[in-house]
Amino acid sequence: MRNAPTARAVGAFHLGLLLAGCAFLSPGFAQTAGGQATPVLAGKVELVEGDVRFFDRDMTMRRPFTEDSIFEGESIATGSNGEVHLRMEDGGFIAVRPGTRMRIAKFRAQGDESDAVTIGLLEGSFRSITGWIARFGRNNYQVRTPTVTIGVRGTDHEPFHIPAGSPLGEPGTYDKVNQGGTYLQTAQGRVDVAPGRAGFAGLRRAERPRVLERIPTHFRPTRHEERITRRYQEIQQRLPELRENRRKLAQERAAKVEQKREPLKVRRLDRKEKQPKRAELHGKKKAGPQEKKLHEKK
């Protein structure tokens, strides 16, 4: 049984991701009309059981409850009995398994081509039913671990990272595919993984990723597995509608912001138009005495 994660452990997790080449540069905040930074919403908690902790960018810990929010840049740590399900903003779904350390490194879901998600996984596993980001922009969804980058093709898959020294199995990154397809990419090459198979990339960087002959035994379903499986078809059918609704909402918000800025633009334009008139008037005042002297000479 692994001990429940501590703030220090999750702090090491953040540092580990950076040292492992998972330094994500995307900002976790968006600018409001007033210029203030606001967190970018990534998803909502649908189910939480056991020891689950969220950590914000400042390493402040909180215990999540149903319908709580999780934001871009935040981390998730689950204990040996912890499980949390997330309803993502792009219509996708993530079930975080026990004994997991992960981070929502990047998340943008506005219904256009710039949408993207990057998840950093240091230890443990989660099951992901991808949303419209993966469906309409396959290169825009990635899972990164210390050894590999995982990409998808409209997928239900389960990444699993085993660190060195763990008794669970050979250290490295595994990815089990339930629906769709994924690929594992390292500096040594790429391997595609089909449904019902699992790929693997070990810690020894000289080795190429490969497809395993059988699913490893450390992929253990939780008691909510049937519930998760039923979500796949439900999510896939709704994605186009959800994406279009989000796109329209984003456009409406942008239009409202522009309307608020319009009076400010008009005031600035008025000031610019008045400046030449003031300068001209100022010039005439200066020219007055000179013209008077010239008149006296004449």
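- The backbone N or O of A77 sits nowhere less than 3.5 Å from a side-chain atom of R53 that would complete a donor-acceptor pair.
- Between Y232 and N178, every side-chain heavy-atom pair lies at or beyond the 4.5 Å cut-off.
- A continuous path of ILVMFWY side-chain contacts below 4.5 Å connects L242 to Y141, so both sit in one hydrophobic cluster.
- Between R127 and D156, at least one side-chain N (NZ, or NE/NH1/NH2) sits under 4.0 Å from a carboxylate O, which counts as a salt bridge.
- Put simply, the side chain of T78 gets close to the backbone of G99: a donor and an acceptor are under 3.5 Å apart.
- Between D175 and V193 there is no side-chain heavy-atom pair separated by less than 4.5 Å.
- Residues G131 and L239 share a closest heavy-atom pair of C-CD1, 3.6 Å.
- Hydrophobic clustering of Ile, Leu, Val, Met, Phe, Trp and Tyr side chains at less than 4.5 Å, counting indirect connections, keeps L249 apart from L41.
- Distance CD/E170 to CG/L212: 8.5 Å, rounded to 0.5 Å.
- The shortest side-chain heavy-atom distance between M102 and I76 falls under the 4.5 Å cut-off.
- Atom CG of D68 sits about 13.0 Å away from atom CZ of R63, to the nearest 0.5 Å.
- The closest donor-acceptor contact from the side chain of S125 to the backbone of P159 lies under 3.5 Å.
- From I70, atom CD1 reaches atom CZ of F54 across 4.0 Å, with rounding to the nearest 0.5 Å.
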Next on the checklist: Let's go through R144 and R103 carefully: what are the C-alpha distance in whole Å and the side-chain angles of both, what is the deciding distance for side-chain contact (heavy atoms from CB on, under 4.5 Å) to 0.1 Å, and is it a yes or a no?
Outcome noted: CA-CA 10 Å; R144 297 182 186 178; R103 181 185 180 214; over 6 Å; no

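- Considering every non-hydrogen atom in both I104 and A42, the closest pair reads CG2-CB, 3.9 Å.
- For D58 (side chain) and T60 (main-chain N/O), no donor-acceptor pair under 3.5 Å exists by modelled atom type.
- With a 4.5 Å cut-off on side-chain heavy atoms, F126 and L86 do not count as touching.
- Side-chain atoms of P216 and F160, non-hydrogen and from C-beta on, never get closer than 4.5 Å to each other.
- Ionic pairing of D90 and R243 is not present here: no N-O contact between side-chain nitrogen and carboxylate oxygen is shorter than 4.0 angstrom.
- Under the 4.5 Å side-chain criterion, counting only non-hydrogen atoms from C-beta, I228 is in contact with I129.
- Between the OG1 atom in T118 and the NZ atom in K106 there is a gap of 5.5 Å [rounded to 0.5 Å].
- No side-chain heavy atom of I133 sits less than 4.5 Å from a side-chain heavy atom of M88.
- Atom CZ of R214 is surrounded by 12 or fewer heavy atoms from other residues, nucleotides or ligands within 6.0 Å.
- A donor-acceptor pair under 3.5 Å is formed between the side chain of R135 and the backbone N or O of Q236.
- Contact detail for I235 and G91: the closest heavy-atom pair is CG2-O, 3.3 Å.
- Residues R227 and E46 have side chains in contact (heavy-atom distance under 4.5 Å, counting atoms from C-beta outward).
- Considering every non-hydrogen atom in both P39 and F71, the closest pair reads CB-CD2, 3.5 Å.
- Counting non-hydrogen atoms of other residues, nucleotides and ligands closer than 6.0 Å to CZ of R253 gives a total of 12 or fewer.
- Taking all atoms of both residues into account, the shortest heavy-atom contact from A201 to L184 is N-CD2, 4.0 Å.
- Of the residues listed (V117, I94, V152), the one engaging T130 in a side-chain contact (heavy atoms from CB on, under 4.5 Å) is V152, and it is the only one.
- With salt bridges taken as basic N to acidic carboxylate O contacts below 4.0 Å, one links R97 and E225.
- The aromatic rings of H85 and F93 sit perpendicular, their planes meeting at an angle over 60°, well past the 30° parallel limit.
- In the model, T182 has no side-chain atom that pairs as donor or acceptor with a side-chain atom of T155 under 3.5 Å.
- Put simply, L203 and V148 are part of two different groups of oily side chains (I, L, V, M, F, W, Y) that touch within less than 4.5 Å, one to the next.
- Under a hydrophobic-cluster definition in which Ile, Leu, Val, Met, Phe, Trp and Tyr are linked whenever side-chain heavy atoms come within less than 4.5 Å, directly or via other members, F136 and F107 are assigned to the same cluster.
- Other residues, nucleotides and ligands place more than 12 heavy atoms under 6.0 Å from the CD atom of E67.
- Ion pairing between R238 and E241 fails under the 4.0 Å rule for side-chain N and carboxylate O.
- The hydrophobic cluster containing Y183 does not contain V177, counting ILVMFWY residues as joined when their side-chain heavy atoms lie under 4.5 angstrom apart, directly or transitively.
- Here the rule is salt bridge (Lys or Arg N to Asp or Glu O under 4.0 Å) with D115, and of R247, R108, R246 only R108 fits it.
- With hydrogens and angles disregarded, no donor-acceptor distance shorter than 3.5 Å links the side chain of E49 to the backbone of E83.
- Between E158 and R220 there is no salt bridge, since none of the side-chain N atoms of the basic residue sits less than 4.0 Å from a carboxylate O of the acidic one.
- For the pair K44 and S69, the tightest heavy-atom approach, listed with the atom from each and the gap, is NZ-OG, 2.9 Å.
- Distance check, rounded to the nearest 0.5 Å: CD of Q185 to CG of D192 gives 9.5 Å.
- No donor-acceptor distance shorter than 3.5 angstrom exists from the side chain of N81 to the backbone of G50, with no hydrogens or angles considered.
- Not a single donor-acceptor pair under 3.5 Å links the side chain of D56 to the backbone N or O of E74.
- Between S75 atom OG and M61 atom CE the span is 13.0 Å, to the nearest 0.5 Å.
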